[in-house]
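Here is how names work: the chains are called A, B, and so on, in the same order as the sequence lines, proteins then strands, and each is numbered from 1.
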Amino acid sequence: MATVIDTLQERGLFEAVTSPDIGRLVENPAAVYAGFDPSASSLQIGNYVTIMGLAHFQRAGHKVVALVGGATGLIGDPSGKTNERPMLSAEEVEQNLEGIRENLSRFLDLNDKQAPAVIVNNHDWMKRFTFVEFLRDVGKHFRVGAMLAKESVRARMEGDRGMSYAEFSYQLIQAYDFLHLYDTEGCRIQIGGSDQWGNITAGTDLIRKLRGVEAYGLTFPILCDSTGRKFGKSEGNAVYLDRRRTSYYQFYQYFLRTADADVIRYLRVLTFVPMDEIAAMEEAMQSAPEERIAQKRLAEELTRAVHGTEGLTIARRASEVLFGGTLSGLRVDDLLEIFADVPSVEKRLDEVRGRPLVDVACAAGLCRSKGEVRRLMADGGFYVNNQRVTEHSATVNDDMLIEGRMVVLRSGRRHFLLVRIV
RNA sequence: GGUGGGGUUCCGGAGCGGUCAAACGGGGCAGACUGUAAAUCUGUUGGCUAAGCCUUCCUAGGUUCGAAUCCUAGCCCCACCA
């Protein structure tokens, strides 16, 4: 019978494992954990790979524990980082934890009858230690040689930046977390991105030493796009799972724009779409790449998984309108939702109505000068409510005022500006 | 400390008394094409009450009918020599 390990392997969620014996362990219900760093108030799509890993385990009937790093977040994981990060305050970490807990609860079933997922915070047990106790109980079992050999430490020592003692000790805390979760939740498996290998093996070693038990680590590849860039950044900004940081529309669009070379891989890693369906899409792509069937499916599946059917509907409607579809028939309230992440300005009615469009567009900030607006009009790149306007002398007439409450200005294909009448 | 060279519109970089709002390249912004891809092609790129006017070529003065261009002083860069 296929185990969760087989599933992870065939979907590209498998990079390395500490021992192949893990295959036997997962033939029966086991407990697995993965950690999430509270370095921001929302998880990013990059974290979603880890979430998928946990979700696959849960689907296979295993107990899943998501650890949020209330303690480790105060230190900062050096793994995969070239520089020491600025330390977050306790309040920041506390706030971020809240957001991340909310994120996680959307993807892991906390009420599953057989194997409900659990969210724990390592601060709850770390706070009980005094420094001396921690050194005696945990530090005593680590050899500096082994710690220095970790990739995360070596990379820093080779550079000219070095690392602080605090970050150096990070691996001890994560190792202890694993031990603690073994004791309290029966976790014998930790999963994470490949950059977590060092931290994970620190934990398996500790458990072997102190409990004489074999614990397992499993890593999956860090998701990159075909140009080698780390996946999940959109114009330099990360794609977040929180709609307040990445709107439904932006989220949906990010995936719709996935390169052909990446989309099949993403479908395997980020969705539960059955493998045979993915294979069919891969074939369909050969004959009709312009249909972008795979991209549409990817965007749809992920948006629904992360933001629900309602989020998907809004993202789709927004896509239609923001790509030049007609605004007629849409109500102001719909438009406000659709244009949620479009910048907007407030103007009084008398500042808009009957005024030259050139003046209004400039005052609203669509362009820096009136000359620029005129140029834009001459180029055919100026739109009011998605209708091209080329006449320099045009004024804002009553038809342009949607319900008398707003005007949608647009420059070029995609730059919108909402003028709200107040 | 000495000697040369220089500071130009978003960047690089021409211009060296009128024809300069300033060549050319990059970038930006638009348009066409297209699969919301990549590439390509085209237009545009100081402001305005717009065939005209105004403010720009490090800063402050000056020469001249006229200065980005010449002179003086100041500030800042770069190169070489000590």
Side-chain angles (χ1 to χ4, degrees), chain A residues 45 223-229 231-237 239 246-267 270 280-303 311-327 338-343 351 354-396 408-417:
Chain A
I45 193 65
L223 202 52
C224 288
D225 68 18
S226 51
T227 61
R229 268 197 297 267
F231 156 84
K233 304 273 188 225
S234 160
E235 284 145 29
N237 298 313
V239 175
T246 302
S247 71
Y248 298 147
Y249 166 77
Q250 289 168 332
F251 188 89
Y252 179 82
Q253 284 291 322
Y254 178 81
F255 292 102
L256 196 62
R257 273 194 275 256
T258 304
D260 291 2
D262 297 320
V263 67
I264 295 298
R265 209 158 36 90
Y266 288 3
L267 273 166
L270 301 171
M281 280 188 263
E282 195 168 8
E283 217 167 289
M285 246 173 74
Q286 303 294 321
S287 51
E290 73 280 4
E291 294 288 332
R292 293 182 307 135
I293 290 173
Q295 278 89 344
K296 284 176 188 161
R297 183 71 184 276
L298 176 69
E300 177 188 314
E301 292 286 339
L302 269 168
T303 309
L312 176 61
T313 305
I314 291 167
R316 276 185 167 149
R317 273 206 304 191
S319 296
E320 217 172 281
V321 168
L322 291 168
F323 279 87
T326 177
L327 300 191
I338 286 169
F339 289 112
D341 40 82
V342 161
E351 290 177 304
R355 297 280 189 149
L357 264 171
V358 171
D359 292 10
V360 174
C362 182
L366 186 73
C367 293
R368 277 212 214 87
S369 67
K370 296 179 194 176
E372 204 174 305
V373 183
R374 291 194 188 97
R375 252 177 260 132
L376 196 61
M377 286 174 157
D379 289 341
F382 182 83
Y383 301 80
V384 175
N385 301 332
N386 274 353
Q387 306 232 298
R388 181 178 274 174
V389 175
T390 52
E391 182 47 59
H392 291 198
S393 59
T395 55
V396 179
V408 180
L409 300 177
R410 174 179 141 208
S411 108
R413 301 275 287 158
R414 244 179 259 169
H415 292 108
F416 285 83
L417 181 68

Asker: Return yes if the base of B:U44 and the side-chain atoms of A:R375 contain a donor-acceptor N/O pair under 3.5 Å, otherwise no.
Answerer: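 Checked by distance alone, the answer is no.
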Asker: Provide, to the nearest angstrom, the distance between the CZ atom belonging to A:R257 and the C1' atom belonging to B:A38.
Answerer: 14 Å
Asker: Expressed as a whole number of angstroms, how long is the span from A:L366:CG to B:C29:C1'?
Answerer: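 Result: 11 Å.
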Asker: Provide the distance between the two C1' atoms, one in B:A22 and one in B:A68, to the nearest whole Å.
Answerer: 8 Å
Asker: Under 3.5 Å, is there any donor-acceptor pair linking the side chain of A:Q253 to the base of B:U36?
Answerer: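 Under the 3.5 Å cut-off, the side chain and the base do form a donor-acceptor pair.
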Asker: Could you give the distance separating B:U9 and B:U44 at their C1' atoms, to the nearest angstrom?
Answerer: 15 Å
Asker: For A:G412, which contact category applies under a 4.0 Å heavy-atom criterion: base, sugar-phosphate, or nothing?
Answerer: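 A:G412: backbone/sugar contact only, no base atoms under 4.0 Å.
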Asker: So, A:R410 side chain and A:G412 main chain: donor-acceptor pair closer than 3.5 Å or not?
Answerer: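 Present.
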Asker: In this structure, which one of A:F339, A:Y383, A:Y249, A:F323 forms a ring pair (Phe, Tyr, Trp, His ring centres under 6.0 Å) with A:F416?
Answerer: A:F339
Asker: Would you mind telling me which of B:U36, B:U49, B:G35 lies closest to the side-chain atoms of A:L256?
Answerer: B:U36
Asker: Just the rounded figure in Å: distance from P of B:A50 to CD of A:E372.
Answerer: 19 Å
Asker: Taking the P atom in each of B:G6 and B:A82, what is the distance between them to the nearest angstrom?
Answerer: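 Those two atoms are separated by 23 Å.
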Asker: Determine whether A:N386 and A:V321 make a side-chain contact, defined as any pair of heavy atoms from C-beta on separated by less than 4.5 Å.
Answerer: yes
Asker: If you assign each of A:F382 and A:S319 to its closest nucleotide in RNA chain B, which residue comes earlier from the 5' end?
Answerer: A:F382
Asker: Considering only NZ, NE, NH1 and NH2 on the basic side and carboxylate oxygens on the acidic side, decide whether A:R297 and A:E301 come within less than 4.0 Å.
Answerer: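 A:E301 and A:R297: salt-bridged.
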Asker: Nearest of B:A37, B:G47, B:G35 to any side-chain atom of A:R414?
Answerer: B:A37
Asker: Taking atom C1' in both B:G28 and B:C10, what distance in whole Å separates the two?
Answerer: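 Comparing C1' positions in B:G28 and B:C10 gives a spacing of 8 Å.
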Asker: In the strands shown, is B:A60 matched to any nucleotide by a Watson-Crick or G-U wobble pair with both distances under 3.5 Å, and which?
Answerer: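 When the pairing criteria are applied, B:U72 turns out to be the nucleotide that pairs with B:A60.
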Asker: Applying a 3.5 Å limit to both distances, which nucleotide forms a Watson-Crick or G-U wobble pair with B:A38?
Answerer: none
Asker: Side-chain N or O of A:K370 less than 4.0 angstrom from OP1 or OP2 on B:U49?
Answerer: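 Answer yes for this pair, as a side-chain N or O of A:K370 is under 4.0 Å from OP1 or OP2.
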Asker: Looking only at heavy atoms, which two atoms of A:L322 and A:R414 are closest? And how far apart?
Answerer: O-CG, 4.4 Å
Asker: Among the candidates B:C48, B:A37, B:G35, find the nucleotide nearest to the side-chain atoms of A:Q295.
Answerer: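 Nearest listed nucleotide: B:G35.
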Asker: For A:S411, report the nucleic acid contact type (base, sugar-phosphate, nothing); a contact means any heavy atom under 4.0 Å.
Answerer: sugar-phosphate
Asker: Checking the side chain of A:R388 only, and the main-chain atoms of A:G380 only, is there a donor and an acceptor separated by less than 3.5 Å?
Answerer: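 Pair found, side chain donor or acceptor close to backbone of A:G380.
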Asker: Write down the distance separating the P atoms in B:G15 and B:G47, rounded off to the nearest Å.
Answerer: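 Each nucleotide's P atom is 27 Å from the other's.
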Asker: Would you say B:A50 has OP1 or OP2 under 4.0 Å from some side-chain N or O of A:H392?
Answerer: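 It does not, given that no N or O in the side chain of A:H392 lies less than 4.0 Å from OP1 or OP2 of B:A50.
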Asker: Does B:A30 have OP1 or OP2 under 4.0 Å away from a side-chain N or O of A:Y383?
Answerer: no
Asker: In Watson-Crick or G-U wobble terms, both distances under 3.5 Å, what is the partner of B:A67?
Answerer: none
Asker: Less than 4.5 Å apart, side chain to side chain, heavy atoms only: is that true for A:V384 and A:L409?
Answerer: yes
Asker: What is the separation between atom OH on A:Y254 and atom P on B:A37, rounded to the nearest whole Å?
Answerer: 15 Å
Asker: Choose from B:U36, B:C29, B:G47 the nucleotide whose nearest atom is closest to any side-chain atom of A:L376.
Answerer: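 Looking only at heavy atoms from C-beta outward on A:L376, the closest nucleotide is B:C29.
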Asker: Hey, does A:R368 reach any base, or is it just sugar-phosphate, or nothing, if we go heavy atoms under 4.0 Å?
Answerer: nothing
Asker: Under 3.5 Å for both donor-acceptor distances, Watson-Crick or wobble: does B:G1 have a partner, and if so which one?
Answerer: B:C81
Asker: Donor-acceptor pair, A:S287 side chain versus A:A284 backbone, under 3.5 Å?
Answerer: yes
Asker: What's the CZ-P distance between A:F416 and B:A30, to the nearest Å?
Answerer: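 Going from A:F416 (CZ) to B:A30 (P), I get 12 Å.
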Asker: Taking the P atom in each of B:C41 and B:G7, what is the distance between them to the nearest angstrom?
Answerer: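 Here B:C41 and B:G7 have their P atoms 33 Å from each other.
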Asker: Using the C1' atom on both, measure B:C58 against B:G66 and round to a whole Å.
Answerer: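 B:C58 and B:G66 have their C1' atoms separated by 23 Å.
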Asker: A:D379 CG to B:C29 P: how many Å, rounded?
Answerer: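 Roughly 13 Å, once rounded to whole Å.
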Asker: To the nearest Å, how far apart are A:R388 CZ and B:A30 P?
Answerer: 12 Å
Asker: For the side chain of A:R374, counting heavy atoms from C-beta on, which of B:C29, B:U36, B:U49 is nearest?
Answerer: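 Within the option list, the nearest is B:U49.
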Asker: My understanding is that a pair needs two contacts under 3.5 Å, Watson-Crick or G-U wobble. By that rule, which nucleotide pairs with B:G27?
Answerer: B:U45
Asker: Both distances below 3.5 Å, Watson-Crick or wobble geometry, any strand: find the nucleotide opposite B:G17.
Answerer: none
Asker: Taking CZ from A:R413 and P from B:U36, how many angstroms apart are they, rounded to a whole number?
Answerer: 8 Å
Asker: Between B:A79 and B:C29, how far apart are the C1' atoms? Round to whole Å, please.
Answerer: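 Rounded to whole Å, the distance is 39 Å.
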